[in-house]
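Naming convention: chains lettered A, B, ... in sequence-line order (proteins, then strands); numbering from 1 in each chain.
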Amino acid sequence: MIIRKEKLDKIRQMGFNPYPHEFNQTHQSTEIKNNFDQLEEKVVSSAGRMMSVRLMGKAAFCHIQDQQGRIQIYLRKDQIGEDVFQLFKILDIGDYIGITGQVFKTKTGEISIYAKEFQLLSKSLKPLPIVKEKEEDDGAKVVFDQFADKEMRYRQRYVDLVVSPEVKDVFIKRSKIITAIREFLNKNDFLEVETPILQPIYGGAAARPFVTHHNTLDIDLYLRIANELYLKRLIVGGLDRVYEFAKDFRNEGMDRFHNPEFTQVELYAAYKDYRWMMDFVEQIVNHIAQSVLGGAKILFNEHEIDLSPPWRRLTMFDAIKEFSGVDISEMDESALKNTAKKLNIEITPEMGVGKIIDEIFGELVEPNLIQPTFIMDYPIEMSPLAKKHRDNPRLVERFEPIIGGKEVGNAFSELNDPIDQRERFMEQVKLKDRGDLEAQALDEDFLRALEIGMPPTAGLGIGIDRLVMLLTNQPSIRDVIFFPQMRPESK
RNA sequence: GAGCCAGUAGCUCAGCUGGUAGAGCAGCGGCCUUUUAAGCCGUUGGUCCGGAGUUCGAAUCUCCGCUGGCUCACCA
C-alpha cells in the first residue's frame with residue numbers, strides 16, 4: 001500500500017496521468033479470440049485489468065481481463081518506447097491498462113495483442129489475491145491459491161468477481177434469467193408495475209416484517225413481505241395482466257436458503273385459474289432454460305433434472321399418502337396431531353390444521369421431489385388468499401412448483417369473493433391470538449377493493465434467488481446474491 | 001436460537017505430545033526481447049482473531065468473548 005502510493009507519485013513525476021478520463025476500446029477479449037481469422041494482423045484497442053505479468057528484460061507478457069475474459073498482451077521496449085516501458089515495469093497486478101496493437105499468435109499458439117501503444121488507465125492501490133491456474137495435459141484446470149475465504153468473498157464481492165470467473169458467470173446468468181422472464185411476460189401482454197415497499201399493513205404472505213418509522217406522518221411502516229395485495233388491487237383497477245420484480249423483506253432466520261431481503265417476481269392474470277397457471281409456469285421455466293442454458297436438462301446437486309413439460313401434478317394429500325403411507329385427507333386437528341407424532345414430526349400447540357399438514361409435507365415429501373412437480377390443492381387453513389377448490393370446500397386451488405426438493409414458487413386461483421376473504425382474515429386473526437406470529441393481518445382497504453369487484457384471476461410468485469440457485473447449481477443463496485446480509489465489520 | 005468446526009504474512013496453507021514462527025505465490029532489488037503457475041539470484045514482511053488464566057515459558061493447554069462456515073429449528 002505504501003509502496004503503491006510511492007509508485008503513484010513516481011508515475012506522476014514521470015509525466016503520466018494515473019487516472020485518465022477515458023479510453024477508446026474497439027474490441028473485447030473474447031471478441032478478438034473468436035474472430036482471430038478476420039482480425040489477425042489488424043490493429044485493435046483493448047482495455048482491462050492486468051491479472052498477470054511476465055517481465056523479461058526488454059520485453060514482457062501480461063494478461064488483461066475485461067468483462068468477457070482475458071487476453072494476452074506482448075510488449076517490447078523498442079515498440080512502445082523507453083519511457084512507457086519504464087512505466088509498465090512499475091505497474092502492479094490489478095492496475096487497469098489500455099493497449100493498441102496488432103492481433104497475432106505467439107509461438108505457443110496463444111492469441112495475443114502485440115502492443116504498439118500502451119496506457120495506464122487506473123492505478124490500483126490495494127493488492128488482489130493472486131489466483132493462478134495451470135492447464136494440465138489432460139485439459140483439466142488446476143487452480144492455485146484460490147480466493148476461498150467465504151466471509152471475505154461475500155464481504156468483498158468486488159474482489160471475488162475480479163478473481164473468480166465462475167462467480168461472475170453465476171451473476172451474469174442471474175441477470176439473463178431475469179431478462180428472460182421479463183421478455184416472456186412482456187410477450188404475453190403482462191404490464192410491469194411498481195407497488196409500495198413501505199406498507200402500513202403488511203400482507204400477502206405469512207412472515208414477520210421489518211418495522212420502520214415515517215417521521216412526518218409519525219406512523220410505523222413495514223417493509224413489504226410480499227406485494228400480492230397491491231398487485232391484486234391493480235387487477236381490480238382493470239389492469240388485467242401485471243407483474244413486478246420485488247425485493248421482499250422478512251425478519252426471520254438466515255441460512256443457505258434465506259436472506260432477509262430476497263427477490264420474487266409476482267404476476268397476476270385476470271380470467272385465468274391455477275390450471276392455466278401451471279401450464280404457464282412450465283412454459284416460463286422452459287423459456288428461461290432455453291434462452292439462458294440452451295436446454296431443458298440441468299445438473300443440480302448431483303441430480304440430473306429435466307425441466308421440459310409436462311411436469312408431474314400431484315395433490316398435496318396424494319403426495320403425503322405416497323411418501324408417508326398415511327391418508328390424512330379426512331382428519332381433523334386432533335387426529336392430525338396424533339399422526340404427526342407418529343411420524344416423528346415436531347408440532348407445537350399453537351399450530352392449526354394448515355401448519356401441521358405443512359410440517360408433515362415439508363418433512364416427508366418436499367425433499368424427495370427432485371424432478372419438477374406441481375403440488376396442488378392445499379388445505380384451506382394454510383392459504384387465506386386462495387380461492388376454494390371447485391370440488392372440495394376444505395381445499396383451495398393452489399399449487400407450488402417443486403424442483404430439486406425445494407419450492408420455487410407459489411400460485412393460486414385468487415380468492416375474489418370479498419365475504420369469504422373477510423372470513424379467512426378473521427381466521428388468521430384467531431391464529432394470531434393463539435400466538436402465531438406469522439398469521440396475516442386484516443387489510444380493510446384490500447377488502448374494499450375486492451368489494452368493488454375483482455375478476456377471476458390466477459396469481460403466481462417465483463422466488464428468483466432459489467430459481468437462480470437451481471439453474472446455476474449453487475448450494476447457498478449467498479452465492480446468488482451479490483451482497484448477502486452479513487453482520488457489519490467491527491472496524 | 002442450539003450444536004459442531006475454524007480464525008497464523010496480501011493470498012493459500014504448515015507449525016506434532018507447550019521451548020519463543022515457516023513454505024509457496026504476491027511484494028521489493030537485480031538478470032533476462034515469444035512467456036504463460038515463466039525462470040534464476042537476493043530480500044522485506046507477522047499484536048499467530050481479542051481478552052484472561054495455567055506455566056520458568058503459550059500460536060499450541062483452559063475459560064470468556066468476537067467473526068465466519070456447516071448442520072438443525074422457523075420461514076421463501
Side-chain angles (χ1 to χ4, degrees), chain A residues 1-4 6-7 51-63 70-80 85 89-90 92-94 104-110 112 114 125-136 141-156 159 163 204-209 225-226 246 248-264 266 346 348 351 355 358-359 362-363 366 400 402 406-410 436-438 461-467 469 475-478 484 486-491:
Chain A
M1 185 80 180
I2 297 161
I3 290 165
R4 289 202 184 191
E6 285 170 9
K7 282 184 176 178
M51 295 305 287
S52 69
V53 191
R54 293 171 292 284
L55 206 70
M56 291 174 306
K58 299 188 181 67
F61 288 92
C62 68
H63 275 96
R70 292 183 183 191
I71 190 159
Q72 182 171 251
I73 310 297
Y74 178 50
L75 299 103
R76 287 167 65 137
K77 192 176 177 176
D78 55 11
Q79 281 290 334
I80 59 168
F85 197 73
K89 273 165 79 171
I90 63 169
D92 296 293
I93 287 172
F104 79 113
K105 237 181 214 175
T106 63
K107 262 185 197 167
T108 53
E110 178 163 351
S112 308
Y114 188 166
L125 294 182
K126 271 204 183 345
L128 288 169
I130 308 297
V131 179
K132 298 202 170 189
E133 276 183 8
K134 182 186 184 180
E135 252 183 69
E136 295 286 316
K141 270 193 182 165
V142 189
V143 181
F144 299 86
D145 299 341
Q146 192 163 37
F147 184 50
D149 185 312
K150 285 199 176 171
E151 180 176 358
M152 261 199 292
R153 288 186 39 217
Y154 296 145
R155 286 192 197 278
Q156 299 181 36
V159 174
V163 142
R208 289 152 71 185
I225 58 173
D248 292 338
F249 306 84
R250 299 191 184 173
N251 205 341
E252 288 166 347
M254 295 157 61
D255 60 27
R256 67 196 183 90
F257 294 103
H258 303 268
N259 194 62
E261 57 182 290
F262 65 104
T263 307
Q264 252 191 317
E266 285 200 32
E346 264 183 64
T348 55
M351 281 184 181
K355 273 249 172 199
D358 197 31
E359 283 298 309
E363 197 68 29
E366 199 178 42
E400 291 193 351
I402 296 177
K406 270 282 167 190
E407 56 199 279
V408 296
N410 187 17
D436 186 343
L437 294 168
E438 289 160 359
I462 295 177
I464 296 296
D465 310 286
R466 288 201 182 164
L467 185 68
M469 284 167 69
S476 168
I477 196 168
R478 293 184 150 187
M486 303 283 279
R487 208 179 290 272
E489 286 180 89
S490 43
K491 268 188 287 190

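A 3.5 Å limit on both hydrogen-bonding distances identifies B:U12 as the Watson-Crick or G-U partner of B:A23. Taking a pair to require two hydrogen-bonding distances under 3.5 Å in either a Watson-Crick or a G-U wobble arrangement, B:A59 remains unpaired. Using Watson-Crick or G-U wobble geometry with both donor-acceptor distances under 3.5 Å, B:U47 finds no partner in any strand shown. Nucleotide B:U17 is matched to nothing when pairs are restricted to Watson-Crick or G-U wobble geometry with both distances under 3.5 angstrom. When Watson-Crick and G-U wobble pairs are counted only if both distances are under 3.5 Å, B:G42 pairs with B:C28. For B:U54, there is no paired nucleotide, since no Watson-Crick or G-U wobble pair has both relevant distances below 3.5 Å. When both distances must be under 3.5 Å, the Watson-Crick or G-U wobble mate of B:U33 does not exist. Using Watson-Crick or G-U wobble geometry with both donor-acceptor distances under 3.5 Å, B:G3 finds its partner in B:C70.
Rounded to an integer number of Å, the gap from CD1 of A:Ile90 to C1' of B:G29 is 14 Å. In this structure, A:Arg70 places its CZ atom 12 Å from C1' of B:A37, rounding to the nearest Å. With rounding to whole Å, A:Met486 atom CE is found 11 Å from B:U67 atom P. Summarising the geometry, the separation between CZ on A:Phe61 and P on B:G39 is reported as 15 Å, rounded to the nearest angstrom. Here B:G27 presents its C1' atom at 8 Å from CZ of A:Arg4, a figure rounded to the nearest Å.
You'll find a donor-acceptor pair under 3.5 Å spanning the side chain of A:Asp255 and the base of B:C74, going by distance alone. Judged by distance alone with a 3.5 Å cut-off, a donor-acceptor contact links the side chain of A:Asp78 to the base of B:U33. Side-chain atoms of A:Glu110 and base atoms of B:U34 include no donor and acceptor less than 3.5 Å apart. The base of B:U67 does not come close enough to the side chain of A:Arg487 for any donor and acceptor atom to sit less than 3.5 Å apart.
Judged as a salt bridge (Lys or Arg N to Asp or Glu O under 4.0 Å), and not counting sequence neighbours, A:Glu366 has no contacts. Residues satisfying the salt bridge (Lys or Arg N to Asp or Glu O under 4.0 Å) criterion with A:Arg70, sequence neighbours excluded, are absent altogether. Residues passing the side-chain contact (heavy atoms from CB on, under 4.5 Å) test with A:Met254 are A:Pro260, A:Arg478, A:Gln485, sequence neighbours excluded. A:Asp92 is linked by a salt bridge (Lys or Arg N to Asp or Glu O under 4.0 Å) to A:Arg4, A:Lys7, A:Lys123, counting only residues two or more places apart in sequence or in another chain. Partners of A:Glu363 by salt bridge (Lys or Arg N to Asp or Glu O under 4.0 Å), not counting sequence neighbours: none found.
Set against B:C28, B:U34, B:C74, the side chain of A:Ile3 has B:C28 as its closest nucleotide. When the nucleotides B:U33, B:G27, B:U67 are ranked by their closest atom to the side chain of A:Ala59, B:U33 comes out on top. Out of B:C70, B:U35, B:C28, the shortest distance to the side chain of A:Ser476 is found at B:C70. When distances are taken from the side chain of A:Glu151 to each of B:U35, B:U33, B:U67, the shortest belongs to B:U67. With distances taken from any side-chain atom of A:Tyr74 to the nucleotides B:U67, B:U12, B:U33, the minimum falls on B:U33.
Taking atom C1' on both B:C11 and B:G7, the two are 15 Å apart, rounded to the nearest angstrom. Here, B:A21 and B:C13 have their C1' atoms 14 Å apart, quoted to the whole Å. A gap of 7 Å separates the C1' atoms of B:C49 and B:C66, to the nearest Å. Between B:A59 and B:G18, the two C1' atoms lie 10 Å apart (nearest whole Å). Of the C1' atoms belonging to B:A26 and B:U12, the separation is 11 Å, rounded to the nearest Å. Here the separation of B:G50 from B:G10, taken at their P atoms, is 13 Å to the nearest Å.
Residue contacts for A:Leu55: at a heavy-atom cut-off of 4.0 Å it reaches a base atom on one of the strands shown. Among the heavy atoms of the strands, none lies under 4.0 Å from A:Tyr114. Residue contacts shown for A:Ala206 are limited to sugar-phosphate atoms, with no base heavy atom under 4.0 Å away. Looking at heavy-atom distances under 4.0 Å, A:Arg153 makes no contact with the nucleic acid at all. Within the nucleic acid shown, A:Arg208 has no heavy atom closer than 4.0 Å to any nucleic acid atom.
Between B:U67 and A:Lys150, no contact under 4.0 Å exists linking OP1 or OP2 to a side-chain N or O. Listed pair A:Arg250 / B:C74 fails the phosphate criterion, with no side-chain N or O lying under 4.0 Å from OP1 or OP2. Taking side-chain N and O atoms only, A:Lys7 has no distance below 4.0 Å to OP1 or OP2 of B:G27. Contact between the side-chain N/O atoms of A:Arg54 and the OP1/OP2 oxygens of B:C32 is not found at any separation under 4.0 Å.
Proximity of A:Tyr74 to A:Thr106: side-chain heavy atoms (C-beta onward) are nowhere separated by under 4.5 Å. In this structure, A:His63 and A:Arg54 have side chains that are in contact, with non-hydrogen atoms separated by less than 4.5 Å.
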Check: protein-nucleotides 5-8 of chain B nitrogen or oxygen pairs below 3.5 Å:
none

(request) Take A:Ile462 and A:Leu467, measure what side chain to side chain contact (heavy atoms under 4.5 Å, CB included) needs, and give me the verdict at the end. (result) CA-CA 8 Å; A:Ile462 295 177; A:Leu467 185 68; 4.1 Å; yes
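Residues A:Phe85 and A:Lys58 come closest through the heavy atom pair CZ-C, 3.5 Å.
Counting heavy-atom neighbours within 6.0 Å of A:Arg208 CZ, excluding the residue itself, gives a total of 12 or less.
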